[in-house]
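Because the structure is a prediction, the values reported are computed rather than measured. Counting starts at 1 for both ligands and their atoms, in listed order.
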Amino acid sequence: MRITVVEGDITEQDVSAIVNAANSSLMGGGGVDGAIHRAAGPGLLEHCRALRATRWPEGLPPGRAASTPGARLPADWVIHTVGPNRHADETDPSVLVSCFRESLLEAVRLGADSVAFPAIGAGVYGWAADDVARAARRALTEEPTHWAGLVEVRFVLFSAPVAAAFREHLSDLCA
Ligand code: ADP
């Protein structure tokens with residue numbers, strides 16, 4: 001499995017699945033969530049409503065992941081996960097690790113061969129980029145045998161400082 005770190009826009013990635021840093025409602029929001037819904041078109045919201053109507057009537061809890069088709073995105077799938085919100089006193093980094101782990105497991109379950117991640121939690125939920133990069137690293141290295149079907153895990157960071165933090169913490173894992 002190849003691990004890569006790039007600076008860019010996750011909505012433009014030509015991968016099997018992209019991960020969305022969603023909120024529990026799954027009804028869209030700001031930041032990367034808003035960008036993904038804008039790029040995917042209204043079909044994505046319909047898929048999210050279906051998740052709420054079936055598997056997650058109360059919303060998706062922090063640390064969990066659920067997938068929908070990608071609607072108009074280049075990616076086939078969107079894996080929605082909810083980061084812990086530091087501003088709501090959700091300060092346990094293991095929940096952040098769980099976001100990465102559960103999303104990777106969902107990608108494997110979908111049969112995705114490539115998956116792109118944003119810096120989950122590093123925006124309005126208030127986590128430092130270093131903490132997010134460390135969480136990603138922990139998820140990737142804890143149970144590496146689980147990711148057997150994945151050919152590429154790509155971290156797509158929206159700014160140079162966040163990309164630098166990911167490079168620092170993941171460079172020895174990168175191809
Ligand atoms: P959270 O609520 O989990 O903190 P945000 O969407 O506010 O999520 O921010 C998560 C990260 O996603 C931030 O580093 C933000 O700069 C980044 N981001 C915003 N738009 C995009 C995009 N189009 N592609 C990749 N990353 C993005």
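Side chain of S98 to backbone of S94: no donor-acceptor contact under 3.5 angstrom is found. Between the side chain of E143 and the backbone N or O of A139, no donor-acceptor pair lies under 3.5 Å. Although no hydrogens or angles enter the test, the distance criterion places no donor-acceptor pair under 3.5 Å between the side chain of W127 and the main chain of A119. Judged by distance alone, the side chain of T11 and the main-chain N or O of I36 form no donor-acceptor pair under 3.5 Å. Panel note: side chain E102, backbone R64; no donor-acceptor pair is recorded below 3.5 Å. Put simply, the side chain of S114 gets close to the backbone of S16: a donor and an acceptor are under 3.5 Å apart. Within the 3.5 Å criterion, the main-chain N or O of A71 finds no donor-acceptor partner in the side chain of H47. In terms of modelled atom types and a separation under 3.5 Å, the side chain of S67 and the main chain of V78 share no donor-acceptor contact.
Where the criterion is an N or O separation shorter than 3.5 Å, residue side chain and backbone included, V124 meets it with respect to ligand 1. Residue D9 has at least one N or O atom closer than 3.5 Å to an N or O atom of ligand 1. Taking only nitrogen or oxygen atoms, main chain and side chain alike, I10 reaches within less than 3.5 Å of ligand 1. Checking only distances, Y125 does come within under 3.5 Å of ligand 1, N or O to N or O. Geometrically, ligand 1 and G123 share a nitrogen or oxygen pair separated by less than 3.5 Å. Residue contacts with ligand 1: V162 is placed with no nitrogen or oxygen under 3.5 Å of a nitrogen or oxygen of the ligand (distance criterion only).
The shortest separation from a heavy atom of G121 to ligand 1 is under 4.0 Å, placing the residue in contact. Taking 4.0 Å as the cut-off, G83 does not count as a neighbour of ligand 1 on heavy-atom distance.
Atoms of ligand 1 found under 4.0 Å from any heavy atom of A35, numbered from 1 in the order shown, are 23 (N). Atoms of ligand 1 found under 4.0 Å from any heavy atom of A21, numbered from 1 in the order shown, are 3 (O), 8 (O). In the vicinity of V156, heavy-atom distances shorter than 4.0 Å reach the ligand 1 atoms 25 (C).
Using a 4.5 Å heavy-atom threshold, the side chains of F100 and V132 count as touching.
For the side chain to side chain contact (heavy atoms under 4.5 Å, CB included) test with V5, the passing option among R167, H169, R154 is R167; the others fail.
At a heavy-atom cutoff of 4.0 Å, ligand 1 is contacted by no atom of N85, backbone or side chain.
The residue among A119, P161, G8 with a heavy atom at the shortest distance from atom 10 (C) of ligand 1 is A119.
Considering only non-hydrogen protein atoms, atom 17 (C) of ligand 1 sits nearest to F158 CB, 3.9 Å. The nearest heavy-atom contact from the protein to atom 12 (O) of ligand 1 is V32 CB, 3.9 Å.
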